[in-house]
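Per chain, numbering begins at 1; letters A, B, ... match sequence-line order. Computed from heavy atoms alone, side chains included, the values below leave out hydrogens, waters and symmetry copies.
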Number of protein chains: 2
Amino acid sequence: MTNIALIEDDIELKELLEKYLNFQEQFKVVLSVISAEDFFAKFMEIEQIDILIMDIGLPGMNGIEALPKIKQKLPNTEVVMLTVHDDSEKVFQSLKNGASGYLLKNTSLETIKESIEQILAGGSPMSPNIARKIVDHFHPKPIEGQKELSIREKEIVLALVDGLSYKLVADRLKISIDTVRQHIRSIYRKLNVNCKAEVISKSYKGEI
Amino acid sequence: MTNIALIEDDIELKELLEKYLNFQEQFKVVLSVISAEDFFAKFMEIEQIDILIMDIGLPGMNGIEALPKIKQKLPNTEVVMLTVHDDSEKVFQSLKNGASGYLLKNTSLETIKESIEQILAGGSPMSPNIARKIVDHFHPKPIEGQKELSIREKEIVLALVDGLSYKLVADRLKISIDTVRQHIRSIYRKLNVNCKAEVISKSYKGEI
DNA sequence: AAGATAATAGCATTTTTATGCGATTAGGTT
DNA sequence: AACCTAATCGCATAAAAATGCTATTATCTT
């Protein structure tokens with residue numbers, strides 16, 4: 001038996017979900033509230049919550065703000081966001097704050113049921129459009145008007161990302177520190193930056 | 001009509017997929033080969049390839065190596081990996097190299113068909129276990145024995161990640177440059193580092 | 001042959017970072 | 001009351017980074 005909690009301020013949807021999930025014999029909705037504040041007031045009374053399905057747009061504290069506080073108190077509860085928001089910002093913030101899944105509100109009850117089963121099987125349910133936003137995050141973004149770094153320059157960048165000083169970069173690549181300086185000059189020119197920090201950030205953002 | 005290409009060295013699976021997809025009236029398998037080399041030899045003859053479904057474990061050049069070369073020549077073709085490999089390394093490399101979806105080989109034909117439809121609708125099909133690996137990538141990893149940064153210190157970190165100098169950090173937070181220095185000292189002590197570069201890297205790795 | 005680019009290296013100078021030491025104020029804990 | 005932490009600020013100094021300028025060699029393109 002899987003214990004499920006809901007935070008959803010759309011009463012109609014909340015009751016529909018509650019009914020549908022309780023109708024499944026393997027699930028039990030043990031808590032169903034309309035706000036994060038409500039959840040914090042009542043969750044201690046529940047012996048176990050396996051899965052929490054929550055909205056982002058809530059009255060009072062929103063779902064994304066509430067998420068880290070919930071995960072702090074219930075680290076073993078898997079949280080799935082169920083929301084109309086499909087902008088990247090909200091998706092990534094939710095994931096960073098501890099969500100294990102992200103479903104859009106046009107998801108069918110059937111698919112929500114399957115999503116819960118996926119979570120229990122160690123997976124992450126994700127509406128395809130949300131998955132695309134995450135996948136695109138990994139795709140290198142070609143910056144227009146930005147010159148391609150040479151192989152050697154990319155090696156220097158990797159060393160900088162590793163946190164090495166000019167001296168240590170020189171040691172790693174067996175070149176003089178002045179050559180390192182020279183390469184870094186070229187890198188800064190090509191990337192239009194003027195400090196290591198920006199190079200490292202661009203590297204992590206996939207802009208190199 | 002959607003044109004589909006396959007690279008799959010398991011002949012049985014390859015022919016099964018080919019038959020199944022051709023049976024769907026909205027799909028047409030326009031190229032079906034058993035290696036990347038084969039693909040490169042024959043893809044020019046095909047007028048259009050909308051979707052490429054490919055394996056990773058191939059004879060000769062493997063799927064991950066072949067991927068960037070394929071995307072270079074066919075930037076508008078959406079690539080879905082279909083493989084038995086579920087290790088994070090292969091998943092992330094595939095995404096970085098341009099894959100738009102990642103399915104495990106236990107995926108049903110029915111689900112593969114749905115995955116193609118998801119791609120066409122601008123989504124990214126993803127087996128739930130693969131999605132979990134990607135989601136986990138965003139979850140902050142609590143480092144044992146690492147002290148929690150204060151709110152102010154986190155603001156400083158954000159400013160450093162943005163590439164600001166001490167002086168500009170001071171301006172942004174309306175404090176003196178010496179206070180910035182002091183905060184950065186505390187941050188370095190808590191994170192066990194001794195330069196901005198490492199702080200920025202830790203931040204992007206989710207270790208803060 | 002001339003021109004462009006990548007990789008190497010040196011020297012000088014200014015700016016920024018990293019670090020040592022000390023200090024005050026405010027808020028919370030024991 | 002004594003103690004701790006977060007946040008603030010100052011001064012000093014050594015190390016590292018950023019930048020300006022020059023120069024050689026090799027390779028590749030036109």
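- Nucleic acid contact for A/T179: base, since at least one base atom lies under 4.0 Å from a heavy atom of the residue.
- Using a cut-off of 4.0 Å between Lys/Arg side-chain N and Asp/Glu carboxylate O, B/K105 and B/E8 are scored as salt-bridged.
- Nucleic acid contact for B/K190: sugar-phosphate only, since backbone atoms but no base atoms lie under 4.0 Å from a heavy atom of the residue.
- If you check C/dA9, D/dA7, C/dT19 against the side chain of A/I175, the one that comes closest is C/dA9.
- Rounded to an integer number of Å, the gap from CD of A/E148 to P of C/dA6 is 10 Å.
- Residue B/K167 is out of contact with every strand shown, counting any heavy-atom pair closer than 4.0 Å.
- In this structure, A/K14 pairs ionically with A/E18, as a charged nitrogen and a carboxylate oxygen lie closer than 4.0 Å.
- Computed from coordinates, the A/L164 CG to D/dA17 C1' distance equals 14 Å when rounded to whole Å.
- Summarising the geometry, the separation between CZ on B/R189 and P on D/dA7 is reported as 12 Å, rounded to the nearest angstrom.
- Taking all atoms of both residues into account, the shortest heavy-atom contact from B/S100 to B/P125 is O-CD, 4.0 Å.
- Per the geometry, CD1 belonging to A/I187 stands 11 Å off P belonging to D/dA18, to the nearest Å.
- Residues A/F39 and A/M54 have side chains not in contact (no heavy-atom distance under 4.5 Å, counting atoms from C-beta outward).
- For B/H183, no side-chain nitrogen or oxygen approaches OP1 or OP2 of D/dA6 to under 4.0 Å.
- Partner A/E153 forms a salt bridge (Lys or Arg N to Asp or Glu O under 4.0 Å) with one of A/K147, A/R185, A/R189, A/K190 and no other, that one being A/K190.
- For B/Y166, taking side-chain heavy atoms from C-beta onward, the closest of the listed nucleotides D/dG10, C/dA7, C/dA18 is C/dA18.
- Straight-line distance from the CD1 atom of B/I156 to the P atom of D/dA6: 14 Å, rounded to whole Å.
- The side chain of A/Y188 contributes no N or O atom lying less than 4.0 Å from OP1 or OP2 of D/dT19.
- Here the P atom of nucleotide C/dT17 and the CD1 atom of A/I200 are 12 Å apart, to the nearest Å.
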Distances under 3.5 Å between nitrogen or oxygen atoms of protein and nucleotides 22-30 of chain C:
unit_1: C/dG22; atom_1: O6; unit_2: B/Q182; atom_2: OE1; d: 3.4

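- Proximity note for B/S150 (side chain, C-beta onward) versus D/dA7, C/dA12, C/dA9: the nearest is D/dA7.
- Note on A/D178: a base of the nucleic acid sits closer than 4.0 angstrom, heavy atoms only.
- Listed candidates were D/dA7, C/dT17, C/dT8. Nearest to the side chain of B/K196 is C/dT17.
- Heavy-atom distances to DNA chain D give each of B/I177 and A/N194 a nearest nucleotide, and the one nearer the 5′ end belongs to B/I177.
- At whole-Å resolution of the value, CD1 in A/I151 and C1' in D/dT27 are 13 Å apart.
- The side chain to side chain contact (heavy atoms under 4.5 Å, CB included) search around A/N62 returns A/I64, A/E65, not counting sequence neighbours.
- Relative orientation of the B/Y204 and A/Y204 rings is parallel, given thresholds of 30° and 60° on the angle between their planes.
- A salt bridge between B/R132 and B/D136 is present, with a side-chain N of the basic residue lying under 4.0 Å from a carboxylate O of the acidic one.
- Remark on DNA chain D: of its neighbouring residues B/R152 and B/R181, the 5'-side contact belongs to B/R152, judged by nearest-heavy-atom nucleotide.
- The CD1-C1' distance, from B/I184 to D/dA15, rounds to 16 Å in whole Å.
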